[in-house]
Amino acid sequence: MSVHMESLHEPTTSSLPLEYQEDGNLKIFGFWVFLAAEVVLFSTLFATYLVFHGNVAGGPTSQQLFDIRGFTIETFLLLTSSFTMGLGTYEMRRQNTKGVVVWVLITVLLGLGFLGMEISEFSHYVSIGANISRSAFLSAFFVLVGTHGSHVTLGIFWILSILVQVMRKGITPKTARKLFVVGLYWHFLDVVWVFIFTVVYLTGKVM
Amino acid sequence: MSGQPSHEGFPWKHVIGFVLSILLTVMALWLVFSMQLPVSTEIVSILVLAVFQVLIQLLLFMHLTERDGPAYHVISLIFGAFIAFTIVGGSIWIMAFRSMVS
Amino acid sequence: MLHSLLQLGDKYFMWNEGPMIWTSDVLIVLTSLGIIGVLTYLKRWNWLWKEWLTTVDHKKIGIMYIIAAFAMFFRGGMDGLIIRAQLAVPNNQFLNAEHYDQVFTTHGTIMILFMAMPFIIGLMNIAVPLQIGARDVAFPYLNALSFWLFFFAALLFNISFVIGGSPDAGWTSYAPLAGPFYDTGVGENYYLISLQITGIGTIATGINFLVTILKMRAPGMTLMKMPMFTWSILVTSIIIIFAFPVLTVTLALLMFDRLFGAQFFSVTHGGLPMMWANLFWIWGHPEVYIVILPAFGVFSEVVSTFSHKRLFGYKAMVVSMVAIAILSFTTWVHHFFTMGAGASVNSFFSFSTMLIAVPTGVKMFNWLFTMYKGRIQFTTSMLWALAFIPNFLIGGLTGVMLAVAPADYQYHNSYFLVAHFHYVLIAGTVFGVFSGLYYWWPKMFGHILNEKIGKWAFWIFMISFNMTFMPMYFLGLMGMTRRMYTYPAGLGWGPLNMIETIGALGMGLGFVVMVYDIVYSIRHPEKDLTGDPWDGRTLEWSIPSPAPEYNFAVIPEVKGIDAYWMMKHPKGQEPEPTKAVDKSKIRPIHMPNNSYRPFIISVAFFVAGFGFIWQWYWLGIPGLIVVVIGLFLRSFEYDDEHFISTEEIVQTETAAGRL
Ligand code: HEM
Ligand SMILES: [Cu+2]
C-alpha cells in the first residue's frame with residue numbers, strides 16, 4: 001500500500017518518528033479515531049452506572065462493598081504499567097529492542113497483576129451474593145468495570161503478539177507502528193481506569 | 001528510511017509523568033479519606049484531579065502532540081469528550097425525573 | 001423417531017405454525033439449492049470466491065453492499081405489504097396479533113439497518129475514493145470485514161423467521177416488553193446480536209471513511225474543494241463514529257438482561273425500563289441523520305450536474321451539515337416527550353429539535369437556487385432529486401409539529417408519526433439512494449440504466465408513495481395509533497386504509513419496474529464509452545467507466561471545486577487534454593491483496609452470534625475464539641500487497657481509449 005499512499009500525498013515529514021513512515025500515519029490516526037469512539041462507548045457505560053448507582057434494591061451499596069485497599073492497589077498497578085509501557089515506546093525510539101522487550105514484559109506482568117486483583121474482587125462480591133442479578137446497581141457496576149477488564153485482557157494478548165513480532169523482525173516502521181498503537185491502547189485503558197477509580201470507587205465510598 | 005532515534009539520555013518526560021500520576025492519586029485518596037469536606041466539594045475536586053491525570057497520559061505518554069498534517073486526532077478527541085459529556089450529563093438530567101414520580 | 005423429529009421441528013423451526021412457515025422453508029431450501037446448482041453448473045465457484053468473496057476493492061464491495069440492500073429492500077418490502085394487507089379492511093384476521101408484531105418489527109429493523117445503511121455505505125464505497133482521486137479507502141481489508149459483518153448479520157437476522165421465530169418488540173425494542181420476562185424465546189436475541197454485529201462493522205466503516213477523506217485526497221483538494229457528496233460522507237462518518245458505540249452498549253445491556261440475568265431494564269431489582277428509551281435514542285436520533293445526510297450529498301451532486309451549474313452556497317451547505325452533525329446529538333428526548341421527564345427537559349429538547357430545521361431549510365434553499373436559471377435536464381436521477389424536495393418538505397414540516405412537546409402528546413405513537421418518518425425516510429433516504437444509483441450506475445458497470453423504464457419506475461413509486469403515506473397523517477389525527485394490528489369498523493378508518501394498501505401495492509410495482517430496468521439494461525446495455533455520460537463535474541467522471549481496478553492511472557491535480565469541470569473548461573489557459581492520460585507519468589501501482597480472512601472471520605461471528613442467540617455457549621464461545629484468532633493472524637500478516645505493472649496499466653488505459 002505504501003507506494004499508492006505516497007503517490008497520494010506528501011511523504012511523511014522526516015522529523016516524525018519511525019512509526020509514522022509508510023502508511024503508519026494513516027493507521028495511527030485511524031487508531032486515535034477508534035479511541036474517540038471508545039470514549040463514547042465508555043461514557044455510555046458511565047452514564048448507565050451513574051443513573052443506576054442508587055438503585056440497590058435492598059442489596060449492598062457501593063459504600064458497603066468497595067474495599068479501599070483493593071482498588072488502591074489496582075490503581076497503582078495500572079498506573080505503573082502505563083509508565084512502563086511508555087518506557088517501552090521510549091526504548092523503541094532509541095532502536096533498543098532489548099529495552100523494549102524488558103519494559104513491555106514488565107507491563108504485561110503488571111497488567112496480569114491488575115487482572116488477578118480484579119478477578120478476585122469480583123469473585124469475592126459474587127461469593128457474598130452481590131452478583132450481577134442482585135440489583136441494577138450491581139449490573140451496572142459489573143458491566144462497566146468488567147468491560148474495562150476485558151479490554152485489559154485483550155490488551156495483554158495483543159501486546160504479547162506485538163512483542164513476538166518485534167523480537168522476530170526487530171524495530172521496523174511496521175513493528176514500530178504496531179507497538180506504538182498498542183501503547184496508545186494501553187495508556188487509554190489507564191485513562192478509563194482513572195475515571196473508574198474516581199467516579200466508581202472513590203465517589204462510591206462517599207456517596 | 002528511519003526517523004531519527006531520539007537522543008536524550010534519560011526518559012524525563014515519562015518519569016515526571018509517572019511521579020505526577022502517583023501524586024495525583026494519593027491526593028485524591030487523601031482528599032476523600034482524610035479531609036472532612038462536603039461531599040459535593042470532594043467529588044468536584046477529585047474529578048478535577050482525574051482530568052489532570054488524563055492530561056498527563058495524553059501529553060506525556062501518548063505523544064498527543066505528534067502529528068502529520070492538521071491535528072484531526074485532537075479534534076476527534078475533543079468531540080468525543082463533548083459527546084461523552086452530553087451523554088452522561090443528559091442521561092442524569094433526563095432520568096432524574098423518576099425521583100419525582102415514585 | 002418421526003415423532004421426535006417433528007418435535008424438534010416444532011421447537012426450532014416452528015412447524016406447528018402452519019403452511020406459511022412450511023412454504024418459506026421449502027422456498028428457502030429451493031432457492032439455496034438453485035443458487036448452488038447454477039453456480040456449479042456454470043462453474044462459477046472459483047470466480048465467486050476470487051472476484052467477490054475475497055475482494056478488498058472498494059468498488060466491488062460497494063456493489064455487493066447494493067445488491068444486499070436490494071435483497072433486503074425486497075424482504076422489508078414484503079413485510080410492508082403484509083402489514084398493509086392486514087390493515088386494508090377493518091377487523092381483518094389475515095394475521096394474528098403476534099404475527100403482526102413480528103412483521104412490523106422485522107420491517108422496521110430491516111429497512112433501517114439492513115437496507116438504508118448498506119445502500120448508503122455501498123454508494124459511498126463506490127463514489128468517495130473516486131471523487132477524491134484515491135486508489136482505495138484507507139483500510140481496504142477492514143472495509144471488506146465491515147461488509148461481511150453486515151452481510152452475515154443480515155443473514156442472521158433473517159433466518160430468525162424460520163429458525164426460532166422473529167423478534168416482535170418493534171424496531172425500537174422497548175423494555176420491559178423486550179426483556180426476558182415479557183419476551184421469552186429467541187426472537188429478541190436475534191435482534192440484539194445481529195444488530196450488534198452489523199453495528200461493529202458500521203463503526204469500522206465510519207473510521208475508514210473518515211481517515212480516507214481526511215488523509216487521502218488528491219493533491220490540491222483542500223477540504224473546501226471537496227465534492228459535496230464527499231463532504232456529506234465525512235460528516236456522516238463522524239456521526240457514525242460517535243453514535244454507534246452507544247448502540248453497541250445499549251444492545252449489550254439488554255443482552256446482559258436477557259442472557260445473563262442482569263437487571264438494567266427490569267421492573268424489579270431497581271431496573272429502569274425507561275433507561276432503554278434514553279439510550280436507544282441517544283443513538284437513534286443521530287442514526288436518522290446518518291441515513292439522511294448521504295442522501296443530501298447525492299442530491300447536491302445530482303442537482304448541480306443536471307442543472308449544469310455549480311452548487312449554490314457551497315460554504316453554507318458545509319456549515320449546515322456540520323451544524324446538523326452537532327445538533328443531532330442534542331435532540332434525542334423528542335422521541336419520548338411523553339415519558340414524563342418534566343417541563344424543563346422537554347422544553348430544552350423541543351427547542352433543540354426545532355433548531356435542526358434551520359440548517360435543513362438552508363440546504364433546501366441552496367438546492368432551489370442551484371436550479372434557478374439552470375439548464376435543467378430531466379434524467380431519472382434528477383427526477384428523484386426533484387421529487388425529494390416537496391415530499392421531504394412535508395416530512396420535515398410535520399417533524400417540526402412533532403417537536404412541539406405539548407402537541408406531541410397528541411401525535412406521539414399515532415399514524416401521524418408513522419407518516420412523518422416515512423416521508424423523511426422514503427422521500428429523503430430512499431429517493432436519495434435511487435437517485436444515486438441511476439447517477440453512478442454507469443461508473444459501476446459501464447452502461448447507463450434505461451431512462452424510459454427508469455422514469456416509469458419513478459412515477460409509479462413516487463405517486464404510490466404519496467398514496468400510501470399521506471392518508472396516514474389524517475388517520476393519525478383521527479386517532480389511529482401505530483402498531484395496532486386491526487381496528488373496528490365503525491371508526492371511519494376503513495377507506496383511507498384501503499387507499500394506503502393500494503398505494504403500497506403501487507410502490508411494490510414501482511420497485512419491480514426498477515428491478516426490471518436493471519435486468520433490461522444489463523441485457524441491452526447502452527454503453528458509456530466516454531466515462532462521463534452526464535457531463536459531470538467531479539473526478540469520478542474523469543476516468544473510464546467502469547473504473548479500472550486502480551481507479552486513476554495518474555493521480556489528478558485539483559485546482560478548485562468541481563475539479564473535473566475546471567479541467568474541461570479551463571479559464572484563460574490552454575484547454576487541458578481531459579481524457580488522455582500522460583504516459584510518461586504512469587508508475588507501477590501498489591495495491592492491497594485479496595484476503596479470505598474477512599469472510600472467514602465474519603462467518604465465525606455468525607456462528608458465535610447464533611450460539612449466543614440460543615444460549616449454546618459451547619458454540620458461541622468457540623466462535624468468538626475463532627474471531628479473535630483471525631484478528632491475531634491478521635496482525636502477523638506482513639506481505640499483503642502487490643504491484644500492478646506499468647505495462648498492465650498502459651494496456652488497460654489503451655483499451656479504454658485513454659492512451
Ligand atoms: C426537520 C427535521 C426533523 C424534525 C424536527 C423531526 C422531529 C421528530 C420528532 C419530534 C419525532 C418524535 C415524534 C414522536 O415520537 O411523537 C420524530 C420521529 C422520527 N423521525 Fe423525525 N424529525 C426530523 C427529521 C427526520 C429525518 C431527516 C429523519 C430520517 C431520515 C427522521 C426520522 C424519524 C423517525 C424514524 C422517527 C420515529 C421513530 C420511531 O418512533 O419509530 N426525522 N421526528
Ligand atoms: Cu429524532
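A, B, ... follow the sequence lines: proteins, then strands. Residue 1 opens every chain.
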Given a strict heavy-atom distance threshold of 4.5 Å, which part of [X] is in contact with chain A: side chain, backbone, both, or neither?
X       : result
B:Val74 : neither
B:Ile87 : both
B:Glu66 : both
B:Leu58 : side chain
B:Tyr72 : both

What distance do [X] atom [atom1] and [Y] atom [atom2] have between them, rounded to the nearest 0.5 Å?
X        : Y        : atom1 : atom2 : answer
A:Leu16  : B:His63  : CG    : NE2   : 12.0 Å
B:Phe18  : A:Thr84  : CZ    : OG1   : 8.5 Å
A:Thr203 : B:Ile46  : OG1   : CD1   : 4.0 Å
B:Gln53  : A:Phe195 : CD    : CZ    : 9.5 Å
A:Phe76  : B:Ser21  : CZ    : OG    : 8.5 Å
A:Phe34  : B:Ser76  : CZ    : OG    : 13.5 Å

Contacting moiety of [X], where chain B heavy atoms sit under 4.5 Å:
X        : value
A:Phe188 : both
A:Thr75  : side chain
A:Ile28  : neither
A:Thr89  : side chain
A:Leu79  : both

Pairs of heavy atoms under 4.5 Å with chain B: top-ranked of [options]:
options                            : value
A:Phe46, A:Tyr201, A:Phe180        : A:Phe180
A:Val40, A:Val39, A:Thr48, A:Val51 : A:Val51
A:Tyr49, A:Phe29, A:Trp186         : A:Phe29

Contact leader toward chain A among [options], where contacts are heavy-atom pairs under 4.5 Å:
options                            : value
B:Ala50, B:Gly89, B:Gly80, B:Ala28 : B:Ala50
B:Leu60, B:Leu29, B:Ile75, B:Leu31 : B:Leu29
B:Leu24, B:Leu64, B:Leu49          : B:Leu64

Can you tell me if CZ on B:Phe82 sees more than 12 non-hydrogen neighbours from other groups inside 6.0 Å?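 It does: B:Phe82 CZ has more than 12 such atoms within range.
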
Check whether any side-chain heavy atom of [X] sits under 4.5 Å from a side-chain heavy atom of [Y], and report yes or no.
X        : Y        : value
A:Leu87  : B:Phe61  : no
B:Glu42  : A:Met207 : no
A:Lys205 : B:Phe33  : yes
A:Val199 : B:Leu47  : yes
B:Met62  : A:Leu35  : yes

Does B:His14 use its side chain to pair, donor to acceptor, with the backbone of A:Phe83 at less than 3.5 Å?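 No.
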
Could you walk me through whether A:Phe31 and B:His73 pass ring pair (Phe, Tyr, Trp, His ring centres under 6.0 Å), step by step? CA-CA 9 Å; A:Phe31 197 75; B:His73 64 300; over 10 Å; no

